[in-house]
Amino acid sequence: MTDADFIDGAVAQAMRGAEEGGVPVGATLRHGDRLVSEGRNRRQQEGTIILHGETDCLRQAGLYGAWSETEMCTTLSPCMMCAGTLVQFRVPRLVILDDVNFGGNEQFLRERGVEVEVRRHDRMISFFSEWKAAHPEIWNGDIGV
């Protein structure tokens, strides 16, 4: 799995979530050059407040177990719940594609040993900005406003 595959997979999951009527946040988890799992925010689709892109991605990984050897890519900077989950399971590296539309937990992650790399992805930043403006009721419900 190349870096481009890692990023493209997260973007594809975000777009799939949007097509399903959900919040367009996607994530991928890899171990070395192997894809472990993919996930997307399924809050709307499954009627649950805790199934964000990152937590769905970890759920799809099942009992993988080698968390401290993995890395995740997410299309939107993680909320505190997702950041805490990454810390809890000792995922050592996180690639974030959009810290413009939502952010603030990068320092929390870094202070707890997670290597955080922000790789601003113009297409995702623009897409999410437009989506958020078009769906404020879904976005505000997802982040607890």
Side-chain angles (χ1 to χ4, degrees), residues 1-31 34-64 67-68 70-145:
M1 165 171 257
T2 67
D3 280 353
D5 295 331
F6 188 45
I7 290 167
D8 290 347
V11 170
Q13 285 293 309
M15 296 303 173
R16 187 171 172 193
E19 290 167 7
E20 296 170 346
V23 179
V25 177
T28 50
L29 184 73
R30 72 177 176 184
H31 185 182
R34 181 177 162 269
L35 176 67
V36 174
S37 62
E38 300 173 301
R40 61 190 172 280
N41 185 303
R42 295 180 197 240
R43 177 185 182 274
Q44 293 298 113
Q45 298 92 313
E46 296 195 19
T48 176
I49 61 172
I50 62 170
L51 207 48
H52 290 187
E54 300 87 350
T55 55
D56 183 50
C57 187
L58 292 171
R59 179 179 80 144
Q60 298 301 326
L63 297 174
Y64 186 72
W67 308 113
S68 65
T70 63
E71 55 189 293
M72 182 176 281
C73 178
T74 183
T75 59
L76 187 67
S77 188
C79 69
M80 184 54 74
M81 177 185 70
C82 293
T85 302
L86 293 170
V87 169
Q88 166 116 9
F89 292 101
R90 296 186 278 304
V91 174
R93 182 169 184 263
L94 178 66
V95 175
I96 298 169
L97 303 182
D98 178 359
D99 67 339
V100 175
N101 287 294
F102 185 77
N105 294 312
E106 298 84 4
Q107 192 59 33
F108 168 85
L109 289 161
R110 288 181 179 115
E111 288 170 356
R112 284 153 183 83
V114 178
E115 177 189 341
V116 176
E117 179 182 349
V118 177
R119 282 191 179 180
R120 289 192 173 156
H121 190 282
D122 292 337
R123 183 171 145 232
M124 275 309 311
I125 292 168
S126 176
F127 181 84
F128 198 87
S129 177
E130 292 170 13
W131 179 89
K132 193 167 65 167
H135 303 282
E137 71 290 350
I138 297 174
W139 174 241
N140 291 337
D142 192 57
I143 62 169
V145 173

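Owing to the predicted nature of the structure, the values given are computational and were not obtained by experimental measurement.
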Open item on the list: Other residues, nucleotides and ligands only: do more than 12 of their heavy atoms fall within 6.0 Å of CZ on Arg110?
Closed with: yes

Task: Ser126 side chain vs Arg123 backbone, donor-acceptor pair below 3.5 Å - done: no

- [ ] Identify the two heavy atoms, one from Arg34 and one from Tyr64, that lie closest to each other, and give their separation to 0.1 Å.
- [x] NH1-OH, 3.1 Å

Task: CG-CD distance between Leu86 and Glu54, expressed to the nearest 0.5 angstrom - done: 6.5 Å

Open item on the list: Looking at Ile125, is its backbone amide N or carbonyl O close enough to the side chain of Asn101 to form a donor-acceptor pair, meaning the two atoms are under 3.5 Å apart?
Closed with: yes

TODO: Measure the shortest side-chain to side-chain distance between Phe108 and Val87 over non-hydrogen atoms and say whether it is less than 4.5 angstrom.
DONE: yes

TODO: Could you walk me through whether Arg120 and Asp99 pass the side chain to side chain contact (heavy atoms under 4.5 Å, CB included) test, one step at a time?
DONE: CA-CA 7 Å; Arg120 289 192 173 156; Asp99 67 339; 2.6 Å; yes

Task: Phe127 and Pro24, any side-chain heavy atoms less than 4.5 Å apart - done: yes

Open item on the list: Tell me if the CZ atom of Arg112 is crowded by more than 12 foreign heavy atoms within 6.0 Å.
Closed with: yes

Open item on the list: Distance check, rounded to the nearest 0.5 Å: Ile96 atom CD1 versus Glu117 atom CD?
Closed with: 9.5 Å

Open item on the list: Given 3.5 Å as the limit, does a donor-acceptor pair link the side chain of Gln60 with the main chain of Leu58, or not?
Closed with: no

TODO: Give, for atom CD of Gln45 and atom CG of Leu51, the distance between the pair rounded to the nearest 0.5 Å.
DONE: 8.5 Å

Open item on the list: Given 3.5 Å as the limit, does a donor-acceptor pair link the side chain of Thr2 with the main chain of Asp5, or not?
Closed with: yes

TODO: Return yes if a side-chain donor-acceptor contact under 3.5 Å exists between Gln13 and Thr28, otherwise no.
DONE: no

- [ ] Indicate the atoms forming the closest heavy-atom contact of Arg40 with Gly17, along with that distance.
- [x] CD-N, 3.5 Å

- [ ] Would you please indicate if the ring centroids of Trp131 and His135 are separated by under 6.0 Å?
- [x] yes

Task: Pairwise side-chain contact, Leu109 with Pro78, heavy-atom cut-off 4.5 Å (strictly under) - done: yes

Open item on the list: Looking at every non-hydrogen atom in both residues, tell me the closest pair between Gly53 and Ala27 and how far apart they are.
Closed with: O-CB, 3.6 Å

- [ ] State the CD-CG distance between Glu46 and Asn41, to the nearest 0.5 angstrom.
- [x] 10.0 Å

Open item on the list: Quick one: does any side-chain atom of Thr75 pair with a main-chain N or O of Val11 as donor and acceptor, under 3.5 Å?
Closed with: no

Open item on the list: I need the minimum non-hydrogen distance between Ser77 and Gly104, along with the two atoms involved.
Closed with: OG-N, 4.4 Å

TODO: Look at atom CD1 of Ile50 and say whether more than 12 heavy atoms of other residues, nucleotides or ligands are closer to it than 6.0 Å.
DONE: no

Open item on the list: As an exercise, state the distance from SG of Cys73 to CD of Glu38, rounded to the nearest 0.5 Å.
Closed with: 11.0 Å

TODO: Return yes if some donor-acceptor pair links the side-chain N/O of Thr85 with the main-chain N/O of Met81 below 3.5 Å, else return no.
DONE: yes

Task: Main-chain N/O of Gly141 paired with Arg43 side-chain donor or acceptor, under 3.5 Å - done: yes

Task: Atom pair CG (Leu29) and CE (Met1), whose distance is rounded to the nearest 0.5 Å - done: 9.5 Å

Open item on the list: side chain to side chain contact (heavy atoms under 4.5 Å, CB included), that's the test. Do Trp139 and Phe102 meet it? Break it down for me.
Closed with: CA-CA 11 Å; Trp139 174 241; Phe102 185 77; 3.8 Å; yes

Task: Ion pair check, Asp3 and Arg119, cut-off under 4.0 Å - done: yes

